[in-house]
Chemist: 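Below is a structure I'd like to ask you about.
These numbers come from a predicted model, not from an experiment.
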Amino acid sequence: MVDVSRVQKELTECNRDREVSGVSIALHDGSTINHLTGTIAGPLGTPYEGGTFVIDIRLPGGYPFEPPKMQFITKVWHPNISSQNGAICLDILKDQWSPALTLKTALLSLQALLSAPAPDDPQDAVVAQQYLRDYSTFSATARYWTEAFAKSTSTGMEEKVQKLVEMGFPEDMVRSVLKSVNGDENMALEKLCSG
């Protein structure tokens with residue numbers, strides 16, 4: 001069973017300095033403490049700069065003695081993150097996890113991974129090969145994906161809201177769901193249709 005008081009303490013601690021750290025965590029859809037949503041600010045000086053990346057966090061029953069299950073919801077072009085499903089290759093989320101680590105340290109580790117990819121231990125072999133063989137194309141593609149998927153412009157957001165409202169969904173629900181998926185219109189439609 002998840003240690004609820006520890007998780008609540010971790011949430012408070014993580015969100016206390018989110019302006020400085022660039023990471024935060026919230027309950028996913030405000031429901032259970034086992035399902036959380038993390039956000040990471042793209043690190044300065046990287047192709048991810050200016051982006052906000054959303055992470056799905058699921059806590060297994062054995063947390064903190066078992067690692068949290070994390071995957072990127074926001075599409076990202078990175079050797080250690082699947083461009084297909086957001087799966088992450090990071091040792092502390094697998095065999096190097098320790099109960100001394102926290103959700104905040106895990107998110108900060110993901111942020112550091114964005115700054116310093118490890119293409120020799122890839123999650124996405126295609127991206128890793130591009131990183132190693134043609135860094136300028138990798139960097140341009142990562143920047144493009146950041147612009148397309150990790151940044152939400154207010155005018156683009158209004159167009160997305162309008163389009164989804166025209167499909168018959170209530171505006172307040174549309175805005176909430178779009179925010180939870182960081183403006184990804186396709187994911188928002190999927191959530192709206194399934195919920």
Side-chain angles (χ1 to χ4, degrees), residues 2-28 33-128 130-132 135 138-139 141-143 145-146 149-151 180-182:
V2 171
D3 182 343
V4 174
S5 63
R6 172 177 162 145
V7 174
Q8 289 171 330
K9 184 177 173 187
E10 284 191 42
L11 292 177
T12 303
E13 177 61 33
C14 183
N15 294 326
R16 182 177 301 146
D17 67 345
R18 69 174 153 226
E19 298 303 318
V20 177
S21 69
V23 301
S24 64
I25 303 174
L27 292 178
H28 181 82
I33 200 124
N34 295 44
H35 192 190
L36 308 167
T37 301
T39 57
I40 299 173
L44 299 176
T46 71
Y48 313 104
E49 182 175 345
T52 301
F53 298 87
V54 179
I55 315 292
D56 183 70
I57 304 168
R58 294 180 188 264
L59 302 180
Y63 183 83
F65 300 100
E66 294 175 44
K69 309 275 185 253
M70 294 187 172
Q71 79 180 69
F72 275 78
I73 297 299
T74 307
K75 288 177 74 74
V76 60
W77 191 254
H78 188 284
N80 307 106
I81 302 159
S82 169
S83 60
Q84 302 299 309
N85 63 17
I88 303 162
C89 181
L90 183 64
D91 59 357
I92 66 159
L93 295 179
K94 296 188 174 50
D95 58 337
Q96 294 302 308
W97 175 258
S98 157
L101 298 172
T102 64
L103 295 170
K104 181 179 181 179
T105 54
L107 288 176
L108 289 170
S109 295
L110 290 178
Q111 192 177 48
L113 186 65
L114 290 178
S115 293
D120 296 328
D121 184 21
Q123 175 71 36
D124 194 312
V126 171
V127 180
Q130 186 184 63
Y131 181 91
L132 292 168
Y135 183 79
F138 160 80
S139 186
T141 305
R143 259 193 309 280
W145 277 42
T146 299
F149 303 114
K151 292 184 179 180
S180 77
V181 295
N182 203 35

Chemist: At their closest point, which heavy atom of Pro117 faces which heavy atom of Pro119, and how far apart are they?
Modeler: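 Where Pro117 meets Pro119 most closely, the heavy atoms are O-CD, 3.3 Å.
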Chemist: Looking only at atom types and distance, does a side-chain atom of Glu66 sit under 3.5 Å from a main-chain N or O of Pro60, one as donor and one as acceptor?
Modeler: no
Chemist: Check Asn34, Thr37, Leu36 against His28 for a side-chain contact (heavy atoms from CB on, under 4.5 Å) and give me the one that passes.
Modeler: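 Going through the options one by one, the only one that passes is Thr37.
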Chemist: Restricting to side chain to side chain contact (heavy atoms under 4.5 Å, CB included), what partner residues turn up for Pro122, sequence neighbours left out?
Modeler: Ala128
Chemist: Tell me the closest heavy-atom pair linking Thr146 and Pro47, and the distance in Å.
Modeler: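 What the structure gives for the nearest pair is OG1-O, 3.1 Å.
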Chemist: Rounded to the nearest 0.5 Å, what's the gap from OG on Ser109 to CD on Gln96? Could you check?
Modeler: 11.5 Å
Chemist: Any side-chain to backbone donor/acceptor pair from Asp124 onto Ser83? Under 3.5 Å, distance only.
Modeler: yes
Chemist: When you measure from the side chain of Tyr48 to the backbone N and O of Ala41, does any donor-acceptor pair fall under 3.5 Å?
Modeler: no
Chemist: Before you tell me yes or no, could you show the steps for Leu132 and Asp120 under side-chain contact (heavy atoms from CB on, under 4.5 Å), namely the whole-Å CA-CA distance, both residues' side-chain angles and the distance that decides it to 0.1 Å?
Modeler: CA-CA 9 Å; Leu132 292 168; Asp120 296 328; 4.2 Å; yes
Chemist: CD1 of Ile55 to CG of Leu110: how many Å apart, nearest 0.5 Å?
Modeler: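 Ile55 atom CD1 to Leu110 atom CG measures 5.5 Å (nearest 0.5 Å).
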Chemist: Give the C-alpha distance, both sets of side-chain angles, the deciding distance and a yes or no for side-chain contact (heavy atoms from CB on, under 4.5 Å) between Leu59 and Leu103.
Modeler: CA-CA 10 Å; Leu59 302 180; Leu103 295 170; 3.8 Å; yes
Chemist: Look at the side chain of Gln71 and the backbone N and O of Asn85, then say whether any donor-acceptor pair between them is shorter than 3.5 Å.
Modeler: yes
Chemist: For Gly45, is there any backbone N or O sitting under 3.5 Å from a side-chain donor or acceptor partner on Glu49?
Modeler: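 At least one qualifying donor-acceptor pair exists.
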Chemist: Check whether any side-chain heavy atom of Leu93 sits under 4.5 Å from a side-chain heavy atom of Lys69, and report yes or no.
Modeler: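 When only atoms from C-beta onward are counted, Lys69 and Leu93 do not touch, as no gap falls below 4.5 Å.
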Chemist: May I ask you to check whether Thr12 and Arg16 show a side-chain donor-acceptor distance below 3.5 Å?
Modeler: no
Chemist: Taking the side chain as every heavy atom from C-beta outward, state whether Arg6 and Tyr63 have any pair of such atoms under 4.5 Å apart.
Modeler: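 Yes. Closest side-chain heavy atoms under 4.5 Å.
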Chemist: Assign the ring pair Phe53 / Phe72 to parallel, tilted or perpendicular, where the plane angle (0 to 90°) is split at 30° and 60°.
Modeler: perpendicular
Chemist: Name all residues meeting the side chain to side chain donor-acceptor pair (under 3.5 Å) criterion together with Thr105; count only those two or more places apart in sequence or in a different chain, and write none if there are none.
Modeler: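 Expected list: Thr102.
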Chemist: List for me each residue that meets side chain to side chain contact (heavy atoms under 4.5 Å, CB included) alongside Ser5, sequence neighbours excluded, and say none if there are none.
Modeler: Asp3
Chemist: Exactly one of Ile40, Ile92, Leu108, Ile88 should register a side-chain contact (heavy atoms from CB on, under 4.5 Å) with Leu113. Which one does?
Modeler: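 Passing option: Ile88.
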Chemist: Does a donor on one side chain sit under 3.5 Å from an acceptor on the other, for Thr46 and Ser115?
Modeler: no
Chemist: Give a yes or no on whether the backbone of Leu90 and the side-chain of Asn80 come within a donor-acceptor separation of less than 3.5 Å.
Modeler: no
Chemist: Is the Tyr135 ring parallel, tilted or perpendicular to the Phe138 ring (thresholds 30°, 60°)?
Modeler: tilted
Chemist: Evaluate the side-chain contact (heavy atoms from CB on, under 4.5 Å) criterion for residues Ile81 and Leu114: first the C-alpha distance (whole Å), next the side-chain angles of each, then the deciding distance (0.1 Å), finally the verdict.
Modeler: CA-CA 9 Å; Ile81 302 159; Leu114 290 178; 4.0 Å; yes
Chemist: Can a donor-acceptor pair be found, under 3.5 Å and without considering hydrogens, that links the side chain of Trp97 to the backbone of Pro68?
Modeler: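 A pair under 3.5 Å: no.
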Chemist: Can you tell me how far the NZ atom of Lys104 sits from the CZ atom of Arg18, to the nearest 0.5 Å?
Modeler: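 If we round to the nearest 0.5 Å, Lys104:NZ and Arg18:CZ are 11.5 Å apart.
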